[in-house]
Amino acid sequence: MVSIIQIVKLKVLLFVIALLSSSSAAVLVSLDTNENRQELEALLKWKDSLDKSSSAILSSWDLSPINATSPCDSLDLSNNSLYGTIPPHISNVSKLSYLDLSANNLNGFIPESIGNLANLNILYLNINQLSGSIPLTIGNLTKLTGLHLSLNHLSGHIPKEVGRMASLTDLKLPMNNLSGQLPAEISNLTSMKILLMGNNRLSGNLPDRICLGGLLERLSVHTNHFVGLIPKDLKNCSRLFRVRFEGNQLIGNVSEDFGIYPNLNYIDLSYNKFVGELSRNWGFSYYLTSFKISNNKIAGSIPPELAKATNLQILDLSSNQLVGRIPKELGGLALLFNLELNDNQLSGSVPTELGFLSDLAQLNLAENRLSGSVPAQLGQCSKLLYLNLSKNTLTEKIPFQIGSLHYLQNLDLSLNFLTGELPAELGFLTSLETLNLSHNQLSGYIPITFDEMSSLTTVDVSYNMLAGPLPSIRAFRNAPAKALEHNQGLCGNTNTIGTCSSMIRKSKAKYRKKVLISIIVPILGTLILLFIIAGILFTRSREARNMIEPREEEMANCFAIWGFDGKLMHESLIQATEDFNSKYCIGRGGSGSVYIAKLPTGQVFAVKKLHELDDDEVANMKSFSNEINALTEVKHRNIVKLYGFCSHAKYSFLVYEYLEGGSLAKLLKNEERARDLDWNKRIQVVKGVANALTYMHHECFPPVIHRDISSNNILLDSEYEARVSDFGTARILNPDSSKLTSFAGTFGYSAPELAYRMEANEKCDVYSFGVLTLELIMGKHPEDLLLSLLLPTSITIHRIPLKNLLDNRLPFPVDQVAEEVVFMVKLAFSCLQTSPQSRPTMQQVSQKLSAQKPHLLDPLDIIKLENVL
Ligand SMILES: *[C@@H]1O[C@H](CO)[C@@H](O)[C@H](O)[C@H]1NC(C)=O
Ligand SMILES: *[C@@H]1O[C@H](CO)[C@@H](O)[C@H](O)[C@H]1NC(C)=O
Ligand SMILES: *[C@@H]1O[C@H](CO)[C@@H](O)[C@H](O)[C@H]1NC(C)=O
Ligand SMILES: *[C@@H]1O[C@H](CO)[C@@H](O)[C@H](O)[C@H]1NC(C)=O
Ligand SMILES: *[C@@H]1O[C@H](CO)[C@@H](O)[C@H](O)[C@H]1NC(C)=O
Ligand SMILES: *[C@@H]1O[C@H](CO)[C@@H](O)[C@H](O)[C@H]1NC(C)=O
Ligand SMILES: *[C@@H]1O[C@H](CO)[C@@H](O)[C@H](O)[C@H]1NC(C)=O
Ligand SMILES: *[C@@H]1O[C@H](CO)[C@@H](O)[C@H](O)[C@H]1NC(C)=O
Ligand SMILES: *[C@@H]1O[C@H](CO)[C@@H](O)[C@H](O)[C@H]1NC(C)=O
Ligand SMILES: *[C@@H]1O[C@H](CO)[C@@H](O)[C@H](O)[C@H]1NC(C)=O
């Protein structure tokens with residue numbers, strides 16, 4: 001056997017080995033003899049007797065076409081784990097008409113002898129690791145109708161011999177490394193329906209004619225280096241269904257080069273050098289769902305007739321030279337979820353009809369010459385996630401209706417001429433992460449409601465006429481000077497601009513009262529009482545604080561628990577940390593910084609100082625008292641101990657047991673320490689965290705949800721035993737508190753439903769636990785993996801070998817450790833399911849972790865993600 005395909009389950013695949021090795025090739029040719037018939041039948045029987053789980057791996061073992069009348073004309077070994085090279089002797093099976101080796105791990109060249117399989121109709125070698133060039137002999141396969149070579153590493157030219165495969169209807173070459181010009185002979189393929197070659201390095205011109213037979217339905221040449229004109233006959237190619245030209249340097253006049261395509265579903269012409277105007281003919285493509293032509297040099301106006309394509313979901317005309325108004329007819333595209341008209345020269349007002357687009361998720365009209373006001377109707381686009389109206393000449397006030405866009409994550413109104421005060425309702429945008437209001441003429445105070453925008457991470461209000469205290473949320477507190485500069489007296493950001501004088505604080509209080517009475521009340525009838533009470537409390541505490549300000553230092557208010565003398569402790573801790581000198585800082589988190597305090601008595605504590613409370617730190621006070629409440633009731637060996645807490649006019653802090661191992665996040669970033677944390681220790685960490693969460697969810701009453709499990713919040717003791725810390729965002733789960741008004745978790749660990757709908761329940765912790773487990777296995781946060789999991793049809797991730805995920809700083813796990821690791825990956829993925837209901841409970845997770853792990857059916861180094869998903 002010169003080269004042989006090695007197979008996962010040798011025993012199962014004896015047949016294949018026989019088939020593909022030279023010595024037994026004769027067997028195949030004479031398979032219709034009785035003896036071999038029996039052999040085959042036996043094999044099939046045996047296959048049926050395999051248990052369900054292993055036959056899932058062999059799902060493609062469809063040997064049914066092999067029957068007495070047509071021995072072995074069909075071989076489908078797709079979706080297995082075959083590796084090695086394709087043996088040249090494959091050509092001996094000359095009767096073969098169907099050969100599917102797709103989705104395996106085959107490498108090496110495509111053998112030239114493949115050209116001898118003269119009866120072949122179908123040849124699928126896609127999704128492998130094949131390299132080298134496409135053999136010229138492929139042209140001998142004149143009966144071929146389908147040739148799939150996509151997703152390999154094939155290089156070199158597409159041979160002109162493909163022109164001989166006159167029956168070819170389906171040629172797929174995408175995602176290889178093919179280069180050179182496209183042979184003119186491709187025009188010979190007049191039966192062609194599907195011609196795909198995107199994502200290669202092909203160059204030169206496209207052939208003059210590519211749709212000779214008029215049957216072409218799918219054409220894709222995207223992401224190559226093609227230049228010149230698009231094929232002339234495309235204009236008449238009326239069956240086109242899906243067309244991708246994006247990412248080349250094609251030229252041409254779109255007014256002339258395209259025709260009418262009644263079946264068209266998808267077309268992307270972006271990132272080329274097309275000129276001309278948009279034809280009203282596109283409106284006749286009734287089934288068009290996606291029309292993209294961004295980053296070209298398209299001029300003229302947007303034809304209102306485009307709105308006749310009522311199935312449009314994505315319309316991207318951005319970065320062109322379009323002029324004129326935005327047609328109000330676009331408001332009739334009821335399915336539209338992405339509308340990008342930015343970076344053109346569109347003028348006139350933003351049509352109010354856009355408010356009818358109830359599915360719209362992204363609206364980008366930035367960098368145009370739009371004037372008039374921001375239409376209040378946009379507040380009806382209730383699914384909007386992204387709204388960019390930056391760089392226009394919009395005037396008047398920001399309509400308060402924008403505040404009803406509950407899912408909005410990005411709002412950019414910068415570089416306009418917006419005036420007036422900020423509507424208090426903007427503060428209701430609790431999903432908002434980026435807010436840019438810079439370079440406008442906005443005035444007045446920033447409304448008190450902005451304190452509730454707890455998802456906000458980036459804010460820019462520079463170059464306006466705003467005044468008064470900044471909202472007491474992270475985004476404003478941590479904002480750089482240039483995000484706040486050029487206003488009329490903003491205060492309260494200690495990093496950059498000054499703290500507020502008591503005068504301003506009082507006027508803020510007054511202003512807040514005014515806000516309460518004149519704005520909030522009419523809108524939020526039922527919330528009025530709460531707000532007034534809150535308002536009174538704020539005012540009182542502030543007045544009280546203003547009175548005592550000169551003697552702040554003495555006003556420490558310590559509560560001791562577990563036998564500590566609070567006042568003494570306060571003083572010793574201040575001394576031990578030299579008044580929270582940064583040299584004692586050992587960590588920084590969302591709600592505060594952690595210091596190490598070594599008392600003269602020899603005791604060592606971790607002191608978490610919450611950010612300064614010089615203004616109304618509502619958010620922090622909330623997380624502070626939560627942390628205390630949750631922690632005093634929670635006692636577990638895998639949960640950090642809380643010894644006491646102090647509140648002080650200037651700061652508040654919590655006193656924890658000190659854990660020398662530090663946080664898991666820090667440890668994983670340190671090469672040496674990460675190596676110390678070997679597989680067994682990592683498994684123990686996972687189990688520890690699982691136990692802590694099981695305790696919180698199932699043994700505390702009412703259950704405690706952590707809500708912010710991340711590697712920053714998992715501490716380790718000197719033995720690497722895990723302790724869950726930071727209950728800053730934990731809530732005691734009451735039946736009526738599952739809906740939360742603000743987001744307080746850590747991005748990258750939060751369950752999708754938490755970021756989207758604010759439904760907090762135990763399953764959010766289960767999700768974060770899944771992320772954490774993967775992080776331990778990979779040695780780093782699994783961001784990209786999580787992203788690809790969200791994509792519905794992510795074949796590529798399924799094919800990633802599991803071994804690629806493993807932290808390569810550790811030795812490759814073997815034996816039992818390998819079993820545990822594979823099991824943990826499986827468990828992690830079950831925790832990451834999009835639907836919270838499908839995730840296991842922490843109790844189930846703990847039980848599974850302590851149970852005997854199943855033996856591995858396959859060696860770890862050939863397991864793929866799909867086997868554990
Ligand atoms: C192989 O897997 C792909 C993707 O999961 C699937 O579409 C295809 O039908 C499978 N082929 C066989 C023969 O099972
Ligand atoms: C045998 O194979 C041929 C061609 O593949 C097919 O038409 C026929 O139905 C098959 N017969 C049986 C009994 O499966
Ligand atoms: C199989 O094909 C190879 C060449 O591809 C040839 O050398 C060999 O003799 C063939 N074997 C049989 C049994 O036909
Ligand atoms: C197959 O193709 C090659 C190269 O195109 C050619 O030299 C050879 O004669 C062909 N073989 C047969 C059997 O047609
Ligand atoms: C293309 O087709 C023409 C006419 O059918 C034929 O003469 C020519 O040989 C073909 N080219 C190739 C490369 O097969
Ligand atoms: C693609 O092919 C070129 C040679 O044509 C080679 O230099 C390059 O490394 C290949 N790239 C990849 C990603 O295989
Ligand atoms: C398109 O079809 C029309 C009529 O069928 C014909 O006159 C014209 O030449 C064709 N254009 C191209 C570029 O093939
Ligand atoms: C594109 O074609 C149209 C129609 O033939 C013509 O009026 C226009 O001038 C052309 N545009 C350019 C930039 O060539
Ligand atoms: C909004 O559009 C402008 C102009 O194209 C761009 O610079 C800015 O980054 C966009 N804002 C956001 C939040 O994406
Ligand atoms: C806000 O917008 C302005 C103008 O478009 C831009 O210069 C600035 O960088 C943006 N700020 C942030 C934080 O992105």
Side-chain angles (χ1 to χ4, degrees), residues 107-109 128-134 149-159 173-181 197 199-204 223-225 294-295 316-322 338-346 350 361-370 374 378 384-394 398 402 405 407-418 426 429 431-442 453 455-464 466 470 474-487 493 496:
N107 58 23
F109 299 160
N128 277 295
Q129 326 275 334
L130 297 168
S131 53
S133 50
I134 303 173
L149 301 176
S150 33
L151 259 164
N152 278 293
H153 310 300
L154 298 170
S155 53
H157 299 222
I158 299 174
L173 305 171
M175 295 195 252
N176 278 292
N177 187 17
L178 297 167
S179 54
Q181 305 226 4
M197 49 195 143
N199 268 309
N200 278 291
R201 301 190 302 128
L202 297 163
S203 53
T223 327
N224 276 294
H225 307 295
S294 79
N295 285 275
D316 183 356
L317 311 178
S318 61
S319 298
N320 279 296
Q321 293 155 13
L322 295 166
N338 198 346
L339 179 57
E340 294 178 63
L341 305 178
N342 52 298
D343 194 7
N344 279 293
Q345 290 147 36
L346 298 167
V350 178
Q362 176 161 353
L363 177 58
N364 195 343
L365 304 179
E367 275 197 89
N368 277 294
R369 297 174 185 165
L370 299 168
V374 176
L378 288 185
L384 216 51
L385 300 173
Y386 179 99
L387 176 57
N388 196 342
L389 301 176
S390 166
K391 290 199 193 178
N392 280 293
T393 55
L394 299 169
I398 300 173
I402 297 296
L405 298 171
Y407 297 140
L408 199 64
Q409 295 175 348
N410 292 281
L411 176 58
D412 193 341
L413 300 175
S414 64
L415 279 164
N416 278 293
F417 300 106
L418 299 169
L426 280 191
L429 297 173
S431 303
L432 203 64
E433 292 168 24
T434 320
L435 174 64
N436 198 340
L437 300 174
S438 71
H439 296 273
N440 278 292
Q441 290 154 22
L442 300 164
M453 299 169 89
S455 296
L456 203 59
T457 51
T458 310
V459 71
D460 192 340
V461 296
S462 61
Y463 293 87
N464 277 293
L466 296 167
L470 291 175
R474 238 188 288 174
F476 280 95
R477 233 180 5 237
N478 300 346
K482 71 175 196 313
L484 305 171
E485 68 192 1
H486 285 268
N487 274 293
N493 176 306
T496 48

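None of these values were measured; they are calculated from a predicted model. Whatever order the structure lists them in is the order used to number ligands and atoms, beginning at 1. When reading the values below, keep in mind they use all heavy atoms of this one structure, side chains included, and skip hydrogens, waters and symmetry mates.
With a heavy-atom cut-off of 4.0 Å, R201 touches ligand 6 through its side chain alone.
In this structure, atom 7 (O) of ligand 9 has no protein heavy-atom contact shorter than 4.0 Å.
Donor-acceptor pairing under 3.5 Å is recorded for the side chains of S390 and S414. No side-chain donor-acceptor contact under 3.5 Å links N224 and R201. In the model, S318 has no side-chain atom that pairs as donor or acceptor with a side-chain atom of D343 under 3.5 Å.
Annotation: atom 5 (O) of ligand 10 to nearest protein heavy atom, S414 OG, 3.1 Å. Nearest protein heavy-atom neighbour of atom 4 (C) of ligand 10: L415 CD1, 3.4 Å. Remark: minimum distance from atom 14 (O) of ligand 6 to any protein heavy atom is reached at N177 ND2, 3.2 Å. The protein non-hydrogen atom at the shortest distance from atom 11 (N) of ligand 10 is D460 OD2, 2.8 Å. For atom 2 (O) of ligand 10, the closest heavy atom belonging to the protein is N436 ND2, 2.3 Å. Among protein heavy atoms, the minimum distance from atom 3 (C) of ligand 10 is reached at S438 OG, 3.4 Å. Scanning the protein for heavy atoms near atom 1 (C) of ligand 9, the closest one is N388 ND2, 1.4 Å.
Side-chain contact between L429 and L456: absent, with no pair of heavy atoms (C-beta onward) separated by less than 4.5 Å. Put simply, the side chain of I402 reaches to within 4.5 Å of the side chain of L411, judged on heavy atoms. Put simply, the side chain of N107 does not reach to within 4.5 Å of the side chain of L130, judged on heavy atoms. A 4.5 Å side-chain heavy-atom check between N388 and L363 finds every atom pair outside the cut-off. I134 places a side-chain heavy atom less than 4.5 Å from the side chain of L149.
Which parts of ligand 9 touch A366 is read off a 4.0 Å heavy-atom cut-off, strictly below it: atoms 2 (O), 4 (C). Residue contact check: Y386 has heavy atoms under 4.0 Å from atoms 1 (C), 10 (C), 11 (N), 12 (C), 14 (O) of ligand 9.
For ligand 9, one of its N or O atoms has an N or O atom of E367 under 3.5 Å away. Ligand 10 has no N or O atom lying under 3.5 Å from any N or O atom of D412, backbone or side chain. Polar contact check, K391 against ligand 9: no nitrogen or oxygen pair lies under 3.5 Å apart. Close N/O approach between N342 and ligand 9 is not found [any backbone or side-chain N/O within under 3.5 Å].
A distance-only check finds a donor-acceptor pair linking the side chain of N392 to the backbone of L365 [under 3.5 Å].
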